[in-house]
Amino acid sequence: MTRRSISKRAAVVTVTTALALGTLGTVAATAGPQHDAKPSKKQIAALFDGWNAALQTGDPKKVANRYASDAVLLPTVSNEIRTDRPEIVDYFEHFLPNKPVGKKIETIVNVLDSNSAIDTGIYEFTLTDPDTGAKRVVEARYTYEYEKRGGKWLIVNHHSSVMPEG
């Protein structure tokens, strides 16, 4: 074998290897990282059911577990803005003795991406006076902003206010 044929073979092997690696690199780059699929609007709307079920336990910590540690709560029946877990637990310690039962009247869900969504609309709560047992219904506007963190959907912002004309 001549020096020239060895050089040609080496050049062919080098070019073939470079093309193969380049093709693999391109395929890997265009595949990109794996992302979760976007949740459905129905899946996001159902997060309310989990939150409402947590209310039914009567345990403020179970309700607070539905919120991110840095969540903001603008609650229905309090003038205080709650910005951390202890404040959110405190709100529910005072709210849960009313045995609230929530029911959505109208809901609009916007799925922003695979890890964030907004559920907004109108809901009502049936509240029971702990002293008299009398029931009353409070209609309110709401907004839940959800983020998927560590594989779990959490409330990062929750605003609820009594209907101004109700």
Query raised in the report: Taking atom CD1 of I81 as the centre, does the number of heavy atoms from other residues, nucleotides or ligands within less than 6.0 Å exceed 12?
Result: no

Report task. Using modelled atom types only, decide if a donor and an acceptor are shared between the side chain of E87 and the backbone of T83 within a distance under 3.5 Å. Result -> yes

**Report entry** pair L127-F95: side-chain heavy atoms closer than 4.5 Å
**Finding:** yes

Requested in this report: Step by step, work out the side chain to side chain contact (heavy atoms under 4.5 Å, CB included) result for T107 and T120.
Outcome: CA-CA 6 Å; T107 189; T120 190; over 6 Å; no

**Report entry** Exam field: side chain E147 to backbone K152, donor-acceptor pair closer than 3.5 Å
**Finding:** no

Report summary line: Heavy atoms of P100 and Q56 approach each other most closely as O-NE2, 3.0 Å

Report task. For T143 and N157, run side-chain hydrogen bond (donor to acceptor under 3.5 Å, both in side chains): C-alpha distance rounded to whole Å, both residues' side-chain angles, the deciding distance at 0.1 Å, then the answer. Result -> CA-CA 8 Å; T143 300; N157 194 325; over 6 Å; no

Query raised in the report: Would L73 and V162 show up in the same hydrophobic cluster when neighbours are defined by side-chain heavy atoms closer than 4.5 Å?
Result: yes

Requested in this report: Ignoring hydrogens and angles, tell me if any N or O in the side chain of D59 forms a donor-acceptor pair with the backbone of K61 under 3.5 Å.
Outcome: yes

Query raised in the report: With a 3.5 Å cut-off and no angle check, do the side chains of T128 and K135 form a donor-acceptor pair?
Result: yes

Query raised in the report: Would you call D129 and K99 a salt bridge, taking side-chain N to carboxylate O under 4.0 Å as the test?
Result: no

Query - Full working for side chain to side chain contact (heavy atoms under 4.5 Å, CB included) between R82 and Y67 - result: CA-CA 11 Å; R82 314 302 172 118; Y67 293 79; over 6 Å; no

Query raised in the report: Taking NZ, NE, NH1 and NH2 as the nitrogens, is one of them in K41 or D119 under 4.0 Å from a carboxylate oxygen of the other?
Result: no

Query raised in the report: Within a strict 4.5 Å, meaning less than it, do heavy atoms of the F48 and Y123 side chains meet?
Result: yes

Query raised in the report: Does T57 use its side chain to pair, donor to acceptor, with the backbone of A54 at less than 3.5 Å?
Result: yes

Query raised in the report: With a 4.5 Å limit on heavy-atom distance, are the side chains of V137 and F125 in contact?
Result: no

Report summary line: Closest non-hydrogen contact found for K104 with Y142 is CE-OH, 3.4 Å

Query - Any side-chain heavy-atom pair of V101 and L55 under 4.5 Å - result: no

Requested in this report: Step by step, work out the side-chain hydrogen bond (donor to acceptor under 3.5 Å, both in side chains) result for R85 and N65.
Outcome: CA-CA 9 Å; R85 182 178 171 83; N65 288 344; 3.0 Å; yes

Query raised in the report: Going from NZ on K103 to CG on N52, what distance comes out if it is rounded to the nearest 0.5 angstrom?
Result: 11.5 Å

Report summary line: Closest heavy-atom pair, P130 versus N98, reported as atoms and distance to 0.1 Å, is CD-OD1, 3.6 Å

Report task. Could you check L74 against H158 for side chain to side chain contact (heavy atoms under 4.5 Å, CB included), going step by step and ending with a plain yes or no? Result -> CA-CA 6 Å; L74 299 168; H158 178 190; over 6 Å; no

Query raised in the report: What about F92 and L154, same hydrophobic cluster or not, with Ile/Leu/Val/Met/Phe/Trp/Tyr joined at side-chain heavy-atom distances under 4.5 Å?
Result: no

Query - Which atom of E80 lies closest to which atom of P75, heavy atoms considered - result: O-CD, 3.3 Å

**Report entry** Heavy-atom side-chain proximity of V156 to R149 below 4.5 angstrom
**Finding:** yes

Report task. Begin from the C-alpha positions of S114 and K38 and carry the test side-chain hydrogen bond (donor to acceptor under 3.5 Å, both in side chains) through to its verdict. Result -> CA-CA 4 Å; S114 60; K38 281 175 116 177; over 6 Å; no

Query - Same apolar cluster: V72 and V77, side chain cutoff 4.5 Å - result: no

Query raised in the report: Would W51 and I88 show up in the same hydrophobic cluster when neighbours are defined by side-chain heavy atoms closer than 4.5 Å?
Result: yes

Report task. Could you check D84 against D70 for side chain to side chain contact (heavy atoms under 4.5 Å, CB included), going step by step and ending with a plain yes or no? Result -> CA-CA 6 Å; D84 60 26; D70 60 344; over 6 Å; no

Query - Rounded distance [0.5 Å steps], OG in S116 versus CG in N110 - result: 10.5 Å

Requested in this report: Would you check, one step at a time, whether the test side-chain hydrogen bond (donor to acceptor under 3.5 Å, both in side chains) holds for W153 with Y144?
Outcome: CA-CA 11 Å; W153 284 100; Y144 291 93; over 6 Å; no

**Report entry** Distance-minimising heavy-atom pair for T76 and A140
**Finding:** CG2-CB, 4.1 Å

